[in-house]
Amino acid sequence: QVQLQESGPGLVKPSQTLSLTCTVSGGSITDNLSAWSWIRQPPGKGLEWMGVIRGDGSTYVNQSLRSHTSISRDTANNQFSLQLISVTPDDTAVYCCALGLGYWGQGTQVTVSS
């Protein structure tokens, strides 16, 4: 069974770069038809899909976030990552990684505050 686990800092200062990693077990991030996503949920708001990296390494980022968001992967460690540059308090959220719609990590809280 595929399992995903997010890791990263719980607190980031405004204007800094946030980097989160999703470690995958029970499946390979290079599987041809796989699609690995990042989703977040700000406090009191709904889910926001941020972007995806597919098994072939191609990426697609939500257009509204494209200017300061990127997704990459480390195939040697079966991990994929999210980077947000110049974060603001509006980036405070629970961040989750997922495989399709069926497998989700437990999520990690990130707070942007000075």
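In what follows, residues are counted from 1 in the order of the sequence shown.
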Looking at every heavy atom in both [X] and [Y], which two are closest together, and how far apart are they?
X: Ser19; Y: Pro9; result: O-CD, 3.4 Å
X: Pro14; Y: Ser113; result: CD-C, 3.5 Å
X: Tyr103; Y: Val2; result: CD2-O, 3.5 Å
X: Val24; Y: Leu4; result: CG2-CD2, 4.2 Å
X: Val61; Y: Arg66; result: O-NH2, 2.8 Å

Discussion item. Are there over 12 heavy-atom neighbours, none belonging to Asn32, within less than 6.0 Å of that residue's CG?
Written reply: no
Discussion item. Quick one, Thr23 with Gln3, criterion side-chain contact (heavy atoms from CB on, under 4.5 Å). Give me CA distance, side-chain angles, the key distance, then yes/no.
Written reply: CA-CA 8 Å; Thr23 300; Gln3 293 183 317; over 6 Å; no
Discussion item. Checking Cys97 against Phe80 for the side-chain contact (heavy atoms from CB on, under 4.5 Å) test, could you report, in this order, the C-alpha distance in whole Å, the side-chain angles of both residues, the deciding distance, and whether it holds?
Written reply: CA-CA 9 Å; Cys97 56; Phe80 63 106; 3.6 Å; yes
Practice prompt. Could you tell me which residues satisfy side chain to side chain contact (heavy atoms under 4.5 Å, CB included) with Ser28, sequence neighbours excluded, listed by chain and number?
Written response: Thr30, Asp31, Asn78
Practice prompt. Could you tell me which residues satisfy side chain to side chain contact (heavy atoms under 4.5 Å, CB included) with Gln5, sequence neighbours excluded, listed by chain and number?
Written response: Gln106
Worksheet entry | Rounded distance (nearest 0.5 Å) linking atom OG of Ser81 with atom CG of Asp74 | 7.5 Å
Discussion item. What's the separation between atom CD1 in Ile53 and atom SG in Cys22, rounded to the nearest 0.5 Å?
Written reply: 11.5 Å
Item to complete: Go through the steps for Cys96 and Glu6 under the test side-chain contact (heavy atoms from CB on, under 4.5 Å), then give the verdict.
Response: CA-CA 7 Å; Cys96 294; Glu6 304 88 351; 3.8 Å; yes
Discussion item. Whether the side chain of Thr69 engages the backbone of Leu65 through a donor-acceptor N/O pair (distance < 3.5 Å, no angle test) should be reported.
Written reply: yes
Please tabulate, one pair per line, all N/O donor-acceptor pairs under 3.5 Å involving side-chain atoms of residues 36-50, not counting sequence neighbours.
| from | atom 1 | to | atom 2 | distance (Å) |
| --- | --- | --- | --- | --- |
| Trp36 | NE1 | Ile29 | O | 3.4 |
| Trp36 | NE1 | Ser34 | OG | 2.9 |
| Ser37 | OG | Trp49 | NE1 | 3.2 |
| Arg40 | NE | Glu48 | OE1 | 2.7 |
| Arg40 | NH1 | Asp91 | OD1 | 2.8 |
| Arg40 | NH1 | Tyr95 | OH | 3.0 |
| Arg40 | NH2 | Glu48 | OE1 | 3.1 |
| Gln41 | NE2 | Lys45 | O | 2.9 |

Are [X] and [Y] connected, step by step, through hydrophobic side chains (Ile, Leu, Val, Met, Phe, Trp, Tyr) whose heavy atoms are closer than 4.5 Å?
X: Ile71; Y: Val52; value: no
X: Leu18; Y: Val94; value: no
X: Val110; Y: Val87; value: yes

Discussion item. Distance alone, cut at 3.5 Å: any donor-acceptor contact between the side chains of Ser72 and Gln83?
Written reply: yes
Discussion item. Under a 3.5 Å threshold, yes or no: a donor from one side chain and an acceptor from the other, between Thr21 and Gln79?
Written reply: no
